[in-house]
Structure formats: structure tokens, C-alpha cells
Amino acid sequence: MPVELREFAEPDLPVGGALLRTALSEVCGTDVHLWHGRLAGVPYPIIPGHVTTGTLDKARGSLKDVQGVELREGDRLAFFDVHRTCGKCLACTAHRTPTRCPSRRVYGITDSATEGLFGGWSQKVYLEPGVVVAKLPDRVTFEDYIGGGCGLLTSVHIIERSKIVMGDTVVVQGAGAVGMCTAALARKAGAGKVIVIGAPQSRLDLSLAMGADEVIGLDVSPEDRLARVMALTGGIGADVVVEAAGSPRAFEEGVRMARNGGAYVIAGHYTNTGDSTINAHEHINRKHLDIRGCWGSEVGHFLRALNILDRYRDEIPFRDIGARRFGLTQINEALEVAAALAIPKALVDPWS
Ligand SMILES: [Zn+2]
Ligand SMILES: [Zn+2]
């Protein structure tokens, strides 16, 4: 479904509400799925753009960041796109899986435009009371933050789920923002060797700059990719394999790349792309393989992403993932470029 421009009136803010003046938002893989209508339960029409950064335009009453510091107009902010997580349900409490809270909503994805400015492909974004807001660290530019974007938040969660320990060999399937950021963080988490599998070559080159040691292109056949991973791991397979590709074929390939007793973290299947076929005896049971899903992100991942950007922005070229800017009138072109994987990531500058 094509994206069209609509004008909205500025909302009357409730006490504790605020408006963000958007500096940059992004086009991520989820936005391409939304554009194709491949996500279930989306309350169209929506304003896409779930991870977004900008300055505080105005607030009604006192607005504090997550650490309790009072915010002022003009402060450079990021906000956590997930809101209304209830903190009371089974998922939030007993199961400790707040990303599975049924009340949870996400800016730009599960918030309808009929309710207001809940998305970043807009000059201003409504921050409803209770949304977690953080000041960007002084050194972190808008470009740094949005270059990592939702992929960085997801990869912080992936690293937590992967339980990587120093010296581990890590395979990352997929060279999008999630895959590249996961390669970077796996390196910083102490991985001994990081191997990224993906395409096109420009993303593989950037993966190397982000921290990968080896890259394998999708022009190499699946059999040869597996043989290459085995050769790079002394014939035993990787300690940790991360799926950030979103293909049922990647899952079939990834279980074969993990070593006996290794771990496989699945983060790329945000939409249902169909069934995979694996042999439970050969690839899970006998292999003693640990398979872990990784859904969404939590406030802690958002805040750690800011710390990571602050500490490593000079070393890891997060900003280079955000390759090109598009204005609101160029959004359909931005989506086409993103769908074709022509550049690492398209950015949205709604004021250009
Ligand atoms: Zn995203
Ligand atoms: Zn809940």
C-alpha cells in the first residue's frame, strides 16, 4: 500500500504529554513489511517510523527523563518506542517477558494514525504520558543514534539472549542493521571470531568495518557457506549462531552451523515467512542445541544502546548504516530502495 501525505493538527497536550520535533527517523525492515501489508493486526492507517530522534518541542507540565532529570525545550531526545507495557499481567510479572505483554503498543507499528501523531515519519511526534524518554548523550549525534536505530536495540537484546562468552565463535546470518549491529556487539562482548553471512557486498564491507572478521556472500551456495563456516571453526561449528535474516531457509542453514551444545538465537522472523524443515533428532536433540527466540526490546536495551553509542561511536561506524536521507515526499522511493536492499538503511528527514 503506497504511503500518502496527510496533515494533522497539533494535538492539545495532556499533563505529562509532550511533542518531539523530529530530526531523523528510519526505514527499517519492519516498515517494508508494513508497506507490503505483511504484518497481522496493524491498525492502518498508521504513521510509520518506530525509532525516531529529535528535540523537545514542547511539554505540558514537567517532563522528566528516565533518570528523573527535568527536560527543557530544545533538548536532544530519544524515546523508547514501546509503550503501555502494563507491568501487571502474567507476561510482565510471573513470566518476566514484558515484550510479550498483550497491552504493549509500539509507535509506528501498532498505534493508529486515527489516535494521533504516533510515528516518526512526521515532523512532530506525540509523546504520551508514560513514554520513556532519554536525553541523547552529548557526544551522540542524531545520525549516530538513528544509524544504529531499531537494529541496535534489537542486537543489545540478542547479545543478552546469546550469552556470548569471551572467545566464542559467532555466526550472524543477515547483514542488515540488526546483523551488522550484532556483529559489532558480539565483537565487544568478547567473541573470538565473528562471521557474517549476507548480501549485498556493500553491507558485507560495512559489516567488516563494524567488527566482523569474516564475511560470506549469498552468491556462495548454501553447501559452500556451511563448509566455509566449518573450515573457520576447526570443523566443529560455531558456539553461537544468530539468525537476523528472516528466511525459513536461514533457520535450516543455521542449525547446521552451530556446534554440539551450541546456541541458536532467532531474531529475524518478525513476520511469518513460512515453515522451515529441520530434523529434530539430527539438529536439536542429538546436537543438544539450545534454540532461543528473541522478541522486541525492553527499556533496559534502549538505555544500554545509548551507553554503547556514547562509548563506542568513534570505534564503530553506526552512523554509516544510515546511508541516505529522504524527505516525506520521497517516502515511496525510500521504501523501494529499502526493499531492494540497495543501501544499508534509508533515513527519513521530515523537514527536508
Ligand atoms: Zn525497526
Ligand atoms: Zn503486561
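The model shown is predicted, which means the values in this text are computed figures rather than measured ones. Computed from heavy atoms alone, side chains included, the values below leave out hydrogens, waters and symmetry copies. Read the numbers this way: they start at 1 and go in the same order the structure lists the ligands and their atoms.
- Asp12 CG: 12 or fewer foreign heavy atoms inside a 6.0 Å radius.
- His50 pairs in a side chain to side chain donor-acceptor pair (under 3.5 Å) with only one of the listed residues (Asp81, Thr30, Asp111, Asp31), which is Asp81.
- The only member of Ser122, Ser352, Pro350 that meets side-chain contact (heavy atoms from CB on, under 4.5 Å) when paired with Leu328 is Pro350.
- Counting heavy-atom neighbours within 6.0 Å of Asp138 CG, excluding the residue itself, gives a total of 12 or less.
- Counting heavy atoms of neighbouring residues, nucleotides and ligands inside a 6.0 Å radius, atom CD of Glu70 exceeds 12 of them.
- Other residues, nucleotides and ligands contribute over 12 non-hydrogen atoms within 6.0 Å of the NZ atom of Lys188.
- Among Leu63, Val133, Leu20, the single residue meeting the side-chain contact (heavy atoms from CB on, under 4.5 Å) criterion with Leu56 is Leu63.
- Annotation: side chain of Val170 is not in contact with side chain of Asp239 (no heavy-atom distance under 4.5 Å).
- Tally of protein N, O or S atoms closer to the Zn ion (ligand 2) than 2.8 Å: 4.
- For the Zn ion (ligand 1), the set of protein N/O/S atoms nearer than 2.8 Å consists of Cys28 SG, His50 NE2, Cys150 SG, ordered by chain and number.
- The closest side-chain heavy-atom distance from Ile321 to Leu206 is below 4.5 Å.
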